[in-house]
Structure formats: structure tokens, C-alpha cells
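So the structure is just underneath, and the comments pick up after that.
Numbering of residues begins at 1 and proceeds along the displayed sequence. This is a predicted model, so every value here is computed, not measured.
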Amino acid sequence: MDIAVPAGRYGPERLDRIGREVAARLLTESDAVAPTVASFREWTRVLVSEVPGWFAGEGEEPFGFTVTVTVPGLWRKEVTGHFIARVTEGLAAAVPESADRIRREPAAWVQVVGVPEGGLGVYGRSVGSAELAELMSAGFRDAADRDGLVGRPPEGMSVDPTCGAIVPEDSVLTAVYGGVRFGYCCTDCRDAHAVRMSTAGAMPESVEDVSLQQVTESGPVELDPELLRRHP
């Protein structure tokens, strides 16, 4: 994530606070179990930079923020609203004297950019959205009490069995196995769980939303079962 602000508007301490307040709100323990939140924050990068040439209306003082959030393209539609709201609240918390202005005026522009599949890389190689989700949820998968975490969601919510995200029980992405309804934060997590369950010989009694495949703007993309089987 890149946050741009007018040069000279804020001192070093405030710039640091802007980055920290935004990062802290992107995913919290109201969104996911603690190990998932910790893993997500470890993988998140928030850069705050000053821009010397800042023009926002004739005669107006240099004020505002432009924020670019980069995510895998297959995640973009599912996370855009969430990130726009959380980034805005983080900026308002970091600059409380201008909080109303940030919330009510076009002062904080947030753009969520989806990178085409395979267009992100780490460890010196390209990674797809499913593998990235696996890497970012490692804290949940490695938790000693993972099954207990899944079994203790807040009232009216369920815990995504793949990544540990907390989702509403009436989530549009659900599947029923053995009479138990599971909710998922995204198609990657639902499909990974489906592969895991089928490997164990369990088939879903019902699935809501789309068939067990990822759907992009250009059409269906078949998942790689070998990659998904790495989800324990």
C-alpha cells in the first residue's frame, strides 16, 4: 500500500502515525482470529511518502491523501469496499483534527488495484492468489488450537476453516459438510477447503454461490489441485 501526502504537511512522527494507524485497521480481531491477523500484518507493507507537487483545487491549501492498495486481481471485488473503509478510518484516526474533513470531503482518495494472476512475486518467483492466501494464513494453519479457534466464533458468525477469517453465518460463500455449515471469506478459501475435504472422502451436501471454481471478469479459471492440497 502506498499513501501519498503533500510534502511538508506533516512531521516525521505524524507520518509514522499515519502508516501505523492505517496498517492496524486493515485486518483486526473482529475480522479474523488472532493468528491470521498476525500473519496478515507480517505480509502487509504500508509506505507513506511526501509529494512536493500537490494540486487539489485552485487556491486551496495542500491537503489530502491518495492511497493505492495493491491486491491479487481475483481478490479485488471482494476486498475493495473493506479496504476503502478501513483506510479512511485509519487516516481519520491518524489526523484527528481533520477527521470530519477526511470522512465528509473528497480528501482521501483510495484506489484498490488488482494485479493479474501471476503478476505478484516473493522469494524470487511469481505467486498466484491461492498460494498467496496460503502463505498469509500460515499463522492460523500452524496454530496449536486451530480446531478450537474454528469452533469458537462470535454469535452469528463462523470462522473460515481455511484462513481463520470471521464471516457472517449467512455468508454468500458457504458449504455444508456433515450437517455443518462453513462460511468462507473468498472463493480461494472455499475451494481449498473443498479439495481438503474431498481428499478426506467428504463431499459437500450443499454449496451456495458459484460452482467450485474461481471466476474472473474474463471467465472461469480452473484451480490447481496440487497447490490447494498443500492446505493442511
Side-chain angles (χ1 to χ4, degrees), residues 23-44 69 71-72 74-87 89-90 112 127-215 223-225 227-232:
R25 284 165 172 75
L26 293 178
L27 195 75
T28 70
E29 291 190 17
S30 65
D31 307 309
V33 296
T36 296
V37 174
S39 285
F40 177 86
R41 290 178 178 173
E42 182 180 353
W43 279 84
T44 299
V69 185
V71 299
L74 292 173
W75 299 2
R76 185 180 60 80
K77 288 185 177 180
E78 293 168 336
V79 304
T80 292
H82 172 89
F83 280 144
I84 290 174
R86 295 300 177 85
V87 168
E89 285 307 307
V112 180
V127 295
S129 60
E131 185 178 5
L132 185 58
E134 176 183 311
L135 292 168
M136 294 180 71
S137 60
F140 173 67
R141 296 199 317 279
D142 296 341
D145 189 30
R146 188 176 95 163
D147 291 340
L149 292 170
V150 171
R152 296 195 302 270
E155 184 177 354
M157 309 293 283
S158 62
V159 177
D160 186 319
T162 298
C163 73
I166 298 172
V167 297
E169 287 183 342
D170 60 355
S171 168
V172 297
L173 290 171
T174 64
V176 177
Y177 293 89
V180 179
R181 178 184 294 274
F182 294 93
Y184 309 94
C185 70
C186 65
T187 54
D188 273 343
C189 285
R190 185 207 47 204
D191 294 348
H193 187 228
V195 171
R196 200 163 60 243
M197 296 300 283
S198 66
T199 300
M203 295 301 293
E205 296 155 32
S206 69
V207 177
E208 297 182 17
D209 196 47
V210 297
S211 60
L212 293 179
Q213 61 184 5
Q214 291 174 319
V215 178
L223 296 175
D224 180 355
L227 171 61
L228 295 177
R229 282 194 181 94
R230 293 212 297 268
H231 288 272

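Considering only heavy atoms from C-beta on, Val71 comes within 4.5 Å of Phe83 through its side chain. Here the side chains of Arg86 and Val69 are not in contact, with every heavy-atom distance at 4.5 Å or above. Residues Ser39 and Phe140 have side chains not in contact (no heavy-atom distance under 4.5 Å, counting atoms from C-beta outward).
Rounding to the nearest 0.5 angstrom, the gap separating the CZ atom in Arg25 from the CG atom in Asp31 is 12.0 Å. To the nearest 0.5 Å, atom CE of residue Met136 and atom OG1 of residue Thr36 are 10.0 Å apart.
Residue Phe182 comes nearest to Pro161 through the heavy atom pair CD2-CG, 3.8 Å, listed as atom of the first residue, atom of the second, then distance. Across every non-hydrogen atom of Leu27 and Arg41, the tightest pair is O-NH2, 3.2 Å. Minimum interatomic distance between Leu173 and Glu78 (heavy atoms only, all atoms of both residues): CD1-OE2, 4.1 Å. Shortest non-hydrogen contact noted between Leu132 and Pro72 is CD2-CG, 3.6 Å. A pairwise comparison of heavy atoms in Gly139 and Pro35 identifies O-CB, 3.3 Å as the closest pair. For the residue pair Val37 and Ala32, the shortest heavy atom distance occurs at CG2-O, 3.6 Å.
Side-chain atoms of Ser137 never come within 3.5 Å of backbone atoms of Cys163 as a donor-acceptor pair (strictly under, hydrogens ignored).
Between Tyr184 and His193, the ring planes are tilted. Angles from 30° to 60° get that label.
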